[in-house]
Protein chains: 2
Amino acid sequence: MGNVSERRKQPPQVGVSVVILALGPVPQSDVGAGAASSGMGSTLWMPLVKRVRQPFLGQWALPGGGLRADHSLEQSAYAALESTTSLHPKYLEQLYTFGDPARSHGGLPMVSIVYWALVGEADGRIDFAGGDNVKWFPVNHLPELAFDHRTIVEYAMNRLRGKIESPDIATRLVGERFTLSQLHDVYEAIAGQRIDLANFRRKMLASGLLEDTGEKLRIGRNRPAAVYRYSRKPGTDLWTEAGTASESDDTRIAFQDDDALSALMTA
Amino acid sequence: MGNVSERRKQPPQVGVSVVILALGPVPQSDVGAGAASSGMGSTLWMPLVKRVRQPFLGQWALPGGGLRADHSLEQSAYAALESTTSLHPKYLEQLYTFGDPARSHGGLPMVSIVYWALVGEADGRIDFAGGDNVKWFPVNHLPELAFDHRTIVEYAMNRLRGKIESPDIATRLVGERFTLSQLHDVYEAIAGQRIDLANFRRKMLASGLLEDTGEKLRIGRNRPAAVYRYSRKPGTDLWTEAGTASESDDTRIAFQDDDALSALMTA
DNA sequence: TCAAAAGTGTTAAATCTACACCCATGC
DNA sequence: GCATGGGTGTAGATTTAACACTTTTGA
């Protein structure tokens, strides 16, 4: 295996990891009260896997795996995703690549290309209890993580908060049909701040991205709320469905930061 | 070297490339008219290197190199930068990681971690003519590029356009001292649109990020303009100087997308 | 005095924000 | 009726966009 000074000039290992986020109930509290299944006071959850080898044996880590030369990055991310949940991601995007030699902490030098994924709430189909080696945690009650995965998660959360202004990102989390209050809950959950409901509602509706399905949904015993759907304008649709990870992941990069400078523009 | 099916399971090669951008004069035209050196109608330029081996021998490509296990990503990016220009970058940030097996086009499978860098105009110290193996090109007149580097450059430009709303990014391009018109030029150059000067001026000043050095600068033979400096508020300074690539590149990631959702917030 | 760029004013429209208010429903 | 969340109205403040205007300079 060569000695140390040889190894230094070698390329490092390459892996792909995924930060997976899903909407779930608030941790240890009011689930009791009658309500059907979804709604009120959501929190973000993410699955972690228990390490089965050194270093950090037994600790929790992000799902991931080595990169094979004949797989695209996105394919690898997708594979990692499937190792923890059978749900199809509503969103999958490259987050950042971490490659500092120091981060391996006793393991081999490793470059990790990290993706983040959103999977919808999917009507409680997520098993938040989880098995032995995979377990879901609320993002604000994570256990100690292996390597620098804590940093990575924090980065992902920040990015999520930053991205929320794009209206569809939240709708991907909340599910196919939703009331404005539910959507509002998600926004507050992600932002960690209060958002004026009246203004939120208006802004959302004004964006023209929501479509009123005729339906009504009664959450508790109160007035039924209108149920909306995210109306995917044909063509505006960069992403459609993350599941179809068939095309090259290089050619349809989301130019997410676009039109940010519209602020400075003048006709 | 093993056969093909063995190779597939191997990890791919890992490299780091850099898209380097600098402000320069407009290509082939009105440089003649008297004016001192800088000003009016700038364009973005970038250096490319000529490939000295197959595939794509003789074609132009982004500066870059292999990643050594004992180097951080940023160190590698920095090294690539130095191979084409002696200027210190004013900005250096990870752009994206490209890893589709198809992109190698006959070479070995390769994962490229791409950074982008801004180097200031530096008062014409850039040799836009360049040597044999390194040459600067205006971004809108690039030659044919090797691999998928065209895609990468386009991605970088889009990102740049997206980022410009953050006021300091443009000031990094324009140099240490500048007039508002110069800054305005840069914004228009990046945006590719007209921007109302009066409003631009007000918004910039209102941002509180500019500091009036007492100086005046006369560009042509007209009224002298006030010279400003970007006033780096102490602490707000995530970046300070890209040159000091000493710390881990993993710990001080710029959370660039922050406060984007301020739009939805309400106290 | 003229041209050209620097820099200021102004006004109508659009948007935000905060908060008050009405509506529909089951108990 | 009444409590509770759904949903609407609105007045004031703030921000934008457009463009007219004044100032300073060298020629």
Side-chain angles (χ1 to χ4, degrees), chain A residues 30 33-36 38-42 165 167 174 177-188 191 193-208 210-228 259-267, chain B residues 30 33-36 38-42 165 167 174 177-188 191 193-208 210-228 259-267:
Chain A
D30 39 73
S38 55
M40 38 188 50
S42 322
E165 32 76 275
V174 79
R177 286 142 188 283
F178 48 86
T179 70
L180 281 178
S181 307
Q182 289 174 322
L183 191 57
H184 177 249
D185 272 3
V186 178
Y187 271 76
E188 287 194 336
Q193 292 179 52
R194 292 244 135 263
I195 300 174
D196 182 290
L197 180 53
N199 296 329
F200 174 80
R201 154 190 300 281
R202 259 186 299 258
K203 198 173 292 189
M204 272 303 158
L205 264 356
S207 78
L210 301 187
E211 186 179 322
D212 192 341
T213 75
E215 309 166 51
K216 298 281 175 186
L217 174 63
R218 177 161 41 261
I219 296 282
R221 62 197 177 290
N222 308 309
R223 173 174 174 179
V227 175
Y228 290 86
D259 80 303
L261 87 165
S262 50
L264 275 304
M265 295 300 107
T266 277
Chain B
D30 38 74
S38 55
M40 39 188 48
S42 322
E165 31 77 275
V174 79
R177 286 143 187 284
F178 48 86
T179 70
L180 280 178
S181 305
Q182 288 174 322
L183 191 57
H184 177 248
D185 272 3
V186 178
Y187 271 76
E188 287 194 337
Q193 291 179 54
R194 293 245 135 263
I195 299 173
D196 183 288
L197 180 52
N199 295 329
F200 174 81
R201 153 191 301 281
R202 259 186 298 260
K203 198 172 292 190
M204 272 302 159
L205 263 355
S207 78
L210 301 187
E211 187 179 321
D212 192 340
T213 75
E215 309 167 51
K216 297 281 175 185
L217 174 63
R218 175 160 42 260
I219 297 283
R221 62 193 175 293
N222 308 311
R223 173 174 176 179
V227 174
Y228 290 85
D259 80 301
L261 86 165
S262 49
L264 274 304
M265 296 301 108
T266 277

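Every value quoted in this text rests on a predicted model; they were computed, and no experiment measured them. In what follows, every chain begins at residue 1, and chains take the letters A, B, ... in the order their sequences are listed.
Of the listed nucleotides (C:dT17, D:dG7, C:dG7), C:dG7 has the atom at the smallest distance from the side chain of B:Ala226. Counting only heavy atoms from C-beta on, A:Arg223 has its side chain closest to D:dG6 among D:dG6, C:dA5, C:dC16.
The 12-atom threshold is not exceeded at CZ of A:Arg221, counting heavy atoms of other residues, nucleotides or ligands nearer than 6.0 Å.
Rounded to an integer number of Å, the gap from A:Leu205 CG to D:dG6 P is 14 Å. Rounded to whole Å, atom P of C:dA18 lies 12 Å from atom CD1 of A:Ile195. Atom CZ of A:Phe178 and atom P of D:dG5 are 21 Å apart (whole Å). What separates CG of A:Leu197 from P of C:dC23 is a distance of 18 Å, to the nearest Å. The distance between atom CZ of B:Phe200 and atom C1' of D:dT15, rounded to the nearest whole Å, is 17 Å. Distance B:Asp196 CG to C:dT8 C1': 12 Å, rounded to the nearest Å. Here the P atom of nucleotide D:dT25 and the NZ atom of B:Lys216 are 8 Å apart, to the nearest Å. Going from atom CD of A:Gln182 over to atom P of D:dG7 covers 11 Å, rounded to whole Å.
One donor-acceptor pair, N or O on each side, does fall under 3.5 Å between the base of D:dA18 and the side chain of B:Asn199.
For the atom pair CD of A:Glu188 and CG of A:Leu183, the computed distance is 11.0 Å after rounding to the nearest 0.5 Å. With rounding to the nearest 0.5 angstrom, the CZ atom of B:Phe200 is 6.5 Å from the CG atom of B:Leu180.
Using a 4.0 Å heavy-atom distance criterion, A:Ser181 is classed as a sugar-phosphate-only contact. At the heavy-atom level, A:Arg201 lies under 4.0 Å from base atoms of the strands shown.
A heavy-atom distance below 4.5 Å is not found between the side chains of B:Arg177 and B:Leu217.
The nearest heavy atom of DNA chain C to B:Tyr228 and to B:Arg221 marks one nucleotide each, and the one closer to the 5' end goes with B:Arg221. The residue among A:Ala198 and B:Arg202 whose nearest nucleotide of DNA chain C lies closer to the 5′ end is B:Arg202.
Residue B:Arg218 has a polar side-chain atom (N or O) positioned under 4.0 Å from OP1 or OP2 of D:dG26.
Under the side chain to side chain contact (heavy atoms under 4.5 Å, CB included) rule, B:Phe178 has a single partner from B:Asp185, B:Leu210, B:Thr213, which is B:Leu210.
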